[in-house]
Structure formats: C-alpha cells, structure tokens
Amino acid sequence: MSNRTIELNDRLHQYLLDHSLRETELARRLREVTAQLPMARMQIGPEQGQFMALLVKLLQAQRILEIGTFTGYSALCMASALPDNGQLVCCDMSEEWTAIGKPFWEEAGVAERIDLQLGPAIETMDRLLTDTQKQPFDIIFIDADKTNYHPYYERGLQLLRTGGLLMFDNTLWGGSVADPQDQTPDTIALRELNNLLRDDPRVDISLVPIGDGLTLARKN
Ligand code: CA
C-alpha cells in the first residue's frame, strides 16, 4: 500500500479493464480497425475514452472542441456522452484517417453532433475566435502535433467558458519528458507545456497518469 500513484503491470492493467471497462462493441470494432494502421499508437486507450466520457457528463458539457481526431475513437466516446443537442467540433488534417471514424459515428447515431473541420487546427481555432455568433466551449481536448500545444492552449483558453476544462493528451510522453537525454522537439514542447501549466494561475490542474498522461486544466 502506498500513497504514491500505483504502477500498472500488465496483470493489474488487465484487472482494471476487466473490472471497469464498459466499451461498446462498436467502439471496440473501431479500435480494432485502427489497430491495423501503422500510426495506431496515436489512438487513446479505451479506459481513457471512458474517463473522458465521464468528464463530459460530469461537466454536463454541451459543446466540445477536439484538436486531433485521428480515426475518431475519442470523438466517438465524447460525442456519445453529449446530450442530443450537443456539439463536438473536430479538427484534423487527415481526410483519410477521419474517414475511418465517420461510419462508426453514423452507426452510433452521433454523426449529427460532430462537425469535422479538416485543415490546420490553428486556422480553425482562429476562425472560431472571430465568429461573431460564437458560443464558448465546455471542454477542449488537445491531442495533435505536440510542438503546437502552446498555441493550441492559448487559443483554447479564449474559446473555453470559465470553469470549462482543457485536456492535454500525452503529457508524460512515454516517460521521455523525465529523460534529460531526450531533446527531440516533441519532448521539449511537452516539457515546456508541463512547466507552463504548473505555474499558470489561469488554470487549476491535475496531471492524471492515465494512458500516456492526460493533464486536466480547469479555466479559472
Ligand atoms: Ca494522443
């Protein structure tokens, strides 16, 4: 027993899944299709998808922005947790990857809640910022190119309501953030973001060691 975060070996991780996962058969199929792709590790794990869906419900979110959709698994999880009139704006560069998710969004009956914006997310966020009809988002999930996390954060803060939640994926980056030998641009960007968030009075934070590290930041 310890008051330190527990380390999950394979057996304990399997126990966690066996005793808490409620993944739908449809979501599992999307994960299996995605697993065939060379970039499959970009997808979040099912326990993380379930955690994020729980947060959507806890915040009673109506509007969510996702930066980095890939094959649409996290979008499927979050959109399914939205009310019928909820909206999820998804930003991604890849028509090919997001096209994999679309039929699953359709089959889950959540496609009409999802507004997919293809193109650089910075441009989409800037467009959202200048939209005169704009309504603030309740949740923003950031899981795209790591070197742009800081600009995504600054724009995200402006697009979020007070009390809303930013979620940053991969903030532990396979452990590389704690390895001083690793000076690759992605690792440096994530380290800088983690330092920024730790000291930023604009948000309350928690770095949750689920998946590859998910930092929650509540806008004050
Ligand atoms: Ca990720």
Side-chain angles (χ1 to χ4, degrees), residues 5 8 13 16-17 21 23 27-28 30-56 64-81 88-101 104-105 114 116-122 124-125 137 139-153 155-156 165-179 182 184-194 196-197 205-217:
T5 302
L8 292 184
H13 183 241
L16 180 154
L17 297 178
L21 196 63
E23 188 180 39
R28 184 178 53 75
L30 173 54
R31 237 172 5 96
E32 284 167 1
V33 169
T34 306
Q36 319 290 324
L37 302 176
M39 306 293 276
R41 65 180 191 87
M42 280 172 47
Q43 182 177 65
I44 62 165
E47 69 273 39
Q48 184 178 337
Q50 185 170 318
F51 177 59
M52 287 164 45
L54 180 65
L55 293 175
V56 170
I64 305 174
L65 176 63
E66 176 176 80
I67 310 298
T69 292
F70 189 41
T71 62
Y73 183 83
S74 48
L76 177 64
C77 294
M78 292 193 290
S80 302
L88 169 60
V89 178
C90 286
C91 304
D92 205 279
M93 294 290 286
S94 172
E95 186 158 15
E96 185 191 339
W97 288 341
T98 51
I100 294 171
F104 290 86
W105 300 342
I114 298 178
L116 175 62
Q117 296 286 327
L118 290 173
I122 298 267
T124 303
M125 292 176 100
F137 288 92
I139 293 178
I140 301 178
F141 176 48
I142 297 175
D143 186 18
D145 46 326
K146 309 310 167 198
T147 50
N148 272 324
Y149 266 32
H150 188 191
Y152 294 147
Y153 174 43
R155 284 164 179 77
L165 183 68
L166 283 152
M167 303 190 283
F168 298 89
D169 197 37
N170 303 104
T171 47
L172 293 176
W173 205 223
S176 303
V177 285
D179 174 8
D182 191 325
T184 54
D186 286 349
T187 305
I188 291 170
L190 286 164
R191 257 185 223 129
E192 286 176 355
L193 177 89
N194 288 338
L196 172 70
L197 289 173
I205 63 160
S206 178
L207 201 175
V208 183
I210 190 171
D212 193 26
L214 179 71
T215 299
L216 306 182

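First listed ligand is number 1; within each ligand, the first listed atom is number 1. Residue numbers run from 1 in the order of the sequence given.
- A donor-acceptor contact under 3.5 angstrom links the side chains of Thr187 and Asp182, judged on distance only.
- For residue Asp169, an N/O/S atom approaches the Ca ion (ligand 1) to within less than 3.0 Å.
- Between the Ca ion (ligand 1) and the N, O or S atoms of Asp143, the shortest distance is to OD1.
- Residue contact annotation: Gln43 places no N/O/S atom under 3.0 Å from the Ca ion (ligand 1).
- The aromatic rings of Phe168 and Tyr153 sit perpendicular, their planes meeting at an angle over 60°, well past the 30° parallel limit.
- For the side chain to side chain donor-acceptor pair (under 3.5 Å) test with Glu23, the passing option among Arg31, Arg28, Gln50 is Arg31; the others fail.
- Between the side chains of Thr124 and Gln117, not a single donor N or O lies within less than 3.5 Å of an accepting N or O.
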